[in-house]
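Report on the structure given below.
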Protein chains: 2
Amino acid sequence: MATSDPVYLRVVEDIRRQIIDGTLPPGAPIPSRAQLTRKYQVGETAARHALRVLAGEGLIIGRVGSGHYVRDRPVLAPLHRWRFLDRPAPFAADLQAQGRRVTWDWHSEPVEAGPDLGRRLKVDGSATLTRTHYIFRGDGKPLQLATSYEPLELAVHGEDERRGLVARMHTLGIKITEVVESVHTRPPRPAEIDALHLAAGVHVLHVERTHWAGDRPVETSDIVIPGDRFRVMYSMPL
Amino acid sequence: MATSDPVYLRVVEDIRRQIIDGTLPPGAPIPSRAQLTRKYQVGETAARHALRVLAGEGLIIGRVGSGHYVRDRPVLAPLHRWRFLDRPAPFAADLQAQGRRVTWDWHSEPVEAGPDLGRRLKVDGSATLTRTHYIFRGDGKPLQLATSYEPLELAVHGEDERRGLVARMHTLGIKITEVVESVHTRPPRPAEIDALHLAAGVHVLHVERTHWAGDRPVETSDIVIPGDRFRVMYSMPL
DNA sequence: TCCGCAAAGTTGGGGCTCCAAGTCTGTTCG
DNA sequence: CGAACAGACTTGGAGCCCCAACTTTGCGGA
């Protein structure tokens, strides 16, 4: 234990420990800035910075006018950072960053939600959604597929589809606050083998992603990525 | 475009755009705090905050005494946040957060690096590494496997293995600065079918992860996760 | 030409303050 | 009793300042 660690880290580590070991359960209030300065004998800057770090880690959430609280949902990791959320696919931007030319095509049509999508988007099964199929290509070769579903009243048509979801929602006055993803592996469906030129025996990564604005889901998508040739490099600053 | 957006966002968005569209190529210097305050007519707090946000996104990196630079490696996403890096496996902590009791066993032994691990850890193929096999269980049932490799001189033995890598390196005066992961899907090996009780035809997610301290790799591991039953929920604050 | 050193510039930790906007709570008034 | 309102708190944006530690650069002397 280095004695000259920044003081804000003392606060961060103490609160983080309490959250992880359950002393501060989900929903519990975190001391306010003013209380932290007194409790830990630090300046307001340090207290504020500690709260920001914990919020950035997703352990706590700040509510203006009320306070900071331990998040109730386990907040873990995204498959990509938020600046890349504004694309329909998690990995297309990554490849772009690696210098490969990524292009994509899409087409949209209205569909009935059905029970499964109804649950994912918290709408009635008979509601109409806009379904958009995407195919991403890197240097011409197929990379990944994505199918996105949005409630009809939120979908914007025409040229606007080129813009990302976050930007489009922004113009509607809706702020995306959260993204939830789940990932699993499965054998490809025939259409996927075809579209992605999959070799025999190769499975796919299936990412199910939902964008939330508060407690309301505004978009959900299924992203299908070939499981063999695809090795994405992530890296992360500590 | 909302006119009352925070001013720091103007700076963030402008610089981010320049990085993404290539105006600021990898390695290019970002204007300093002082320069940003002049260029964008903002206070030091806003300039500083903008740089911190961009650094947090992994787009730029700050070097004390020198400046901020566009990162040369595409910095994308981790499979888990750094607070969970301090575990040998990406998903064990997630399950713990979901209320499932996670336990694990491990055993270590010295091995010769060989060409592949030598490359991953930037050591000679004849160097000796400490290999540690882990098996993670959730409520008694096998969840995932991990195999971790460390240069012999960095591995700490005995009780200390219970502590996470980041903490152990900290005591050695080594600061982990980066984590790089790649993920792909493949059929399981016989030993994996056995250890994970995999059903026929189920593939596994294979995560290859390396911890870096500056430009020196200090640990690399292979994490094997069943691809079927495993649906991890991530979520992320925006 | 090369070396060493000092000055200037830069990050990151910390401190303090002001303010808008939102939430909470307790009291007063109809 | 119930509704409305005022005052106390809280977050998040923003500004300005000081300082330690580190890097870069340019200058002067050998």
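All values below were derived from every heavy atom in this structure, side-chain atoms included, with hydrogens, water molecules and symmetry-related copies excluded. Order of the sequence lines fixes the chain letters, A, B, ..., with proteins taken first and strands second; residue numbering starts at 1 for each chain. Remember, it's a predicted structure, so these values are computed and weren't measured experimentally.
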*Between dT23(D), dT11(C), dG12(D), spot the one nearest the side chain of Val64(A), thanks.*
dG12(D)
*More 5' along DNA chain D: Arg52(A) or Gln35(A), using each one's nearest nucleotide?*
Gln35(A)
*Can you find a donor-acceptor pair, distance only, under 3.5 Å between Arg33(B) side chain and dG12(C) base?*
yes
*List the steps and the verdict of ring-ring contact (aromatic ring centres under 6.0 Å, His included) for Tyr134(A) and Trp104(A).*
CA-CA 7 Å; Tyr134(A) 293 86; Trp104(A) 60 90; 7.7 Å; no
*asked:* At less than 4.0 Å, is any side-chain N or O atom of His49(B) found next to OP1 or OP2 of dG15(D)? Yes or no.
replied: no
*Among dT24(D), dA21(C), dT17(C), the one nearest Glu44(A) by side-chain distance*: dT17(C)
*asked:* Taking Asp124(A) first and then Arg119(A), would you say they form a salt bridge - that is, a charged N and a carboxylate O separated by under 4.0 Å?
replied: no
*Could you state the atom-to-atom distance from CG of Leu36(A) to P of dG15(C) in whole Å?*
12 Å
*CZ of Arg10(A) versus P of dG13(C): gap in Å, rounded?*
15 Å
*Please report, rounded to the nearest Å, how far the P atom of dT10(D) is from the NE2 atom of His68(A).*
12 Å
*Looking only at non-hydrogen atoms, find the nearest pair between Leu24(B) and Pro29(B) and report the distance.*
CD2-O, 4.2 Å
*From the options dT10(D), dT11(C), dG13(D), select the nucleotide whose nearest atom is closest to the side chain of Ser32(B).*
dT11(C)
*asked:* On DNA chain D, does the nearest nucleotide to Pro31(A) precede the nearest nucleotide to Gln41(B) from the 5' side, or the other way round? Give the residue.
replied: Pro31(A)
_Students often get this wrong, so: under 4.0 angstrom with heavy atoms, is Arg48(A) touching a base, only sugar-phosphate, or nothing?_
base
*Between Arg38(A) (CZ) and dT10(D) (C1'), how many Å, whole number?*
12 Å
*How would you label the contact of Thr45(B) with the nucleic acid (heavy atoms, under 4.0 Å): base, sugar-phosphate, or nothing?*
base
*Val7(A) vs Gly65(B), nearer the 5' end of DNA chain C by closest nucleotide*: Gly65(B)
*Indicate yes or no: does Glu150(A) engage Arg131(A) in a salt bridge with an N to O separation below 4.0 Å.*
no
_Side chain of Leu51(B) - closest among dT10(D), dT11(C), dT24(D)_ = dT11(C)
_For a 4.5 angstrom cut-off between non-hydrogen side-chain atoms, does Val42(B) reach Tyr8(B)?_
no
_Among dG13(C), dA14(D), dG15(C), the one nearest Tyr8(B) by side-chain distance_ = dA14(D)
